[in-house]
S.K.: 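Quick one: structure below, then a few questions.
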Protein chains: 2
Amino acid sequence: MSAGRDAPPQRALPVLADVARLSGVSEITVSRVIRNKGPISDKTRERVLHAVAETGYVPNRLAGALASADSMLVGVVLPSVTNIVFADVLRGIHEALAPAGYQPVVGVTGYDADEEERAVRSLLAWQPAAIILAGFEHTEATRRMLAASRIRVAEIMDIDATPIDVAVGLSHRSAGRDIARYLLSRGYRRFGYVGHDWDSDHRARLRFEGLTEELAAQGLALVAERRIAGPSSTLAGRETLAGVLATGERPDVVVFSNDDMAVGGYFHCLAAGLVPRHDIGLFGFNGLEIGAALPLRLSTVRSNRFLIGKLAAEALVARPDRPADTAIINTGYEIEAGETA
Amino acid sequence: MSAGRDAPPQRALPVLADVARLSGVSEITVSRVIRNKGPISDKTRERVLHAVAETGYVPNRLAGALASADSMLVGVVLPSVTNIVFADVLRGIHEALAPAGYQPVVGVTGYDADEEERAVRSLLAWQPAAIILAGFEHTEATRRMLAASRIRVAEIMDIDATPIDVAVGLSHRSAGRDIARYLLSRGYRRFGYVGHDWDSDHRARLRFEGLTEELAAQGLALVAERRIAGPSSTLAGRETLAGVLATGERPDVVVFSNDDMAVGGYFHCLAAGLVPRHDIGLFGFNGLEIGAALPLRLSTVRSNRFLIGKLAAEALVARPDRPADTAIINTGYEIEAGETA
DNA sequence: CTGTTAGCGCTTTCAT
DNA sequence: ATGAAAGCGCTAACAG
């Protein structure tokens, strides 16, 4: 098993030319076989495929994309991947892209517009066929780059503004209003609010505005309101509800900025001996699995995140060039009655 | 505002040559300015940068990577992104790659080795500088491709086998044993186990094996064991614990395959009026935030997922070529005493 | 400090 | 059904 001194010590990776030589055809024929394009005789195809297997050839998509000016890549710019909400969206995107042969390339912003700009610039360098980003809050530079690129752009999660190209999501303002209506119909009158940072999570603010607008329309105002500076979390929800209940007027229902916060509120109730709905109503947003697993199912709003990702990706794939006018795809939401409000 | 008939109707995206022409230098000089490489006079740099801004030029990394044979891409193949555990790992990877100028490209397997093979093949086509994948269970074809590519390979999460190149993670078998030791030291003797699908989650099985091995060493065996077919979830944990407690011998402590399942168990206790630790011990794995937010902090094991991702990416970036021998980086774990066991 | 030349590995014409 | 030539947009290697 000793290597002769003329044995290639570090054989370079096989390229198209190697496969062509081995199968005795031209490079373009191999290319056609691999891409299933153009007419190829069965005999040739077989020979080429055999050579591909023998060499372990893996096509270089860098070169392929450059030559064909078609990367089959879709840039996806999300605030976070640790947040299950965006992870679900990503799953939906993946589900729609995979069968069409597209690959998502993800960038993360940490809820920061300048980071988003950096991510978009870096993704555009890969010549994606389209780009998906969350929300409408972009820097001017981001907008310019997107416009110049002329590729398709989906803005997702939110539909409460005019999109660059297509928006896919739900109206958070309208959801906020419906939460108010639902809780009013349940007999609640003294509303409290427990939320997290608005600067980064603009959609939470829209829901809050919808909520308070509808309350105002009924001549009501919040009796208690508390917002923490950082991101939402179960722990924060728990502690913040405790703070709210320790001082001032006692609400008969508390609306949380999302399910994470609301589940924390639930935990506080457990620890404090309060029975949700009986002693105090709790209402979330998103419809996460954890809420449904609680001893009392959390009352919340289902936000159809998977669907948002899927429909956004499908819309982009269906029409590769930017349409003349903008469009909005409303994925809706559903009030999940639950048992806590 | 009417467009003359000789107005360029669809100006193509600017390329290096356009910037070069506009700034009156050669393409390579522009390239050097953009990449901050080689000596450039301040005057030239300024002129070039000006032209870049004016044209809105965005470098084409497809072409750059092809020409330099260096993609600055790192393939990341994970079982799931919806699972917070892997999302945390991904954050760690991102944290280490970003400052070094590398871009992660993610593929998802859904806990399936054939899907992993497909993902690896597809990522390899982008000529990544390295690849990160979860665990040691790969198909033969995956191993062959990885070997042929000669790029660096990090296998993460687990260190209970011999890696292809470098493994980064913790010993799940050893963690299982330590869980047994800890619970024995707390006085528990009648152990129950509630778990999820092993075929997909090999590491859960390793923990189980460590647990039962250590129990056997003390002359003990599980008094109850139940595994569901599907993936772990809070709901599944809740229902499965209920099932276990409804029949047969009553354990004094239940070890869950992970925190998701354990939190579900906790919820069952709440609903059934059982007080954790007092009536029955509950023990999880991972150290998720949710466990710490429960009215009684969940007893569990911290698995340092962010660190796993970070160290894996750092190891790859630090040494771009495959070393002669394999290495193992142990990120360890810590028993989190909590209040439920 | 700047430029010239020659490709990277593939796909697009356009022939045959 | 197959191939030859040209070139995608960029960078390495060598001048100068």
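Letters go in sequence order (proteins before strands), and every chain restarts at 1. Side chains are part of it too, since the values below use all heavy atoms of this structure and drop only hydrogens, waters and symmetry mates.
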S.K.: Near DNA chain D, under 4.0 Å by heavy atom, which residues of residues 34-50 of chain B?
M.R.: B/Arg35
S.K.: Please answer whether the main-chain N or O of B/Val15 pairs with a side-chain N or O of B/Asp18 as donor and acceptor at a distance below 3.5 Å.
M.R.: yes
S.K.: For the backbone of B/Glu27 and the side chain of B/Ser31, can you confirm whether one donor and one acceptor N or O come within less than 3.5 Å of each other?
M.R.: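 Not at all, since once roles are kept as given, no pair shorter than 3.5 Å links the two residues.
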S.K.: Find the distance A/Leu13:CG to C/dG9:C1' and express it as a whole number of Å.
M.R.: 12 Å
S.K.: Taking atom C1' of C/dC10 as reference, at what distance in whole Å does atom CG of A/Asn60 sit?
M.R.: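 So the CG-C1' distance, A/Asn60 to C/dC10, works out to 8 Å.
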S.K.: Using a cut-off of 4.0 Å on non-hydrogen atoms, how would the nucleic acid contact of B/Arg32 be classed: base, sugar-phosphate, or nothing?
M.R.: base
S.K.: Here's a test for you: under side-chain contact (heavy atoms from CB on, under 4.5 Å), which of B/Val105, B/Leu133, B/Val76 qualifies with B/Leu123?
M.R.: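 The single option meeting the side-chain contact (heavy atoms from CB on, under 4.5 Å) with B/Leu123 is B/Val105.
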S.K.: Is A/Arg322 reaching over with its side chain to a backbone N or O of A/Ile151, donor-acceptor style, under 3.5 angstrom?
M.R.: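 Checked: pair present.
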S.K.: Of the non-hydrogen atoms in B/Glu155 and B/Asp165, which two are nearest, and what is the gap between them?
M.R.: OE1-N, 4.3 Å
S.K.: Salt bridge or not for A/Arg91 and A/Glu95, using N-O below 4.0 Å?
M.R.: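 Not counted as a salt bridge, because no side-chain N and carboxylate O are separated by less than 4.0 Å.
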S.K.: Would the distance check show the side chain of B/Arg152 and the main-chain N or O of B/Ala315 forming a donor-acceptor pair, the cut-off being under 3.5 Å?
M.R.: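 Yes; at least one donor-acceptor contact below 3.5 Å.
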S.K.: I need the CD-C1' distance between A/Glu27 and C/dT13, as an integer number of Å.
M.R.: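 Going from CD in A/Glu27 over to C1' in C/dT13 covers 16 Å.
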S.K.: Show the nearest heavy-atom pair for residues B/Ala96 and B/Glu314, with the distance to one decimal.
M.R.: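 Scanning both residues completely, I find the closest heavy atoms to be CB-CG, 3.7 Å.
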S.K.: Of all nucleotides in DNA chain D that come within under 4.0 Å of a heavy atom of chain A, which is furthest toward the 5' end and which toward the 3' end?
M.R.: D/dA1 to D/dG9
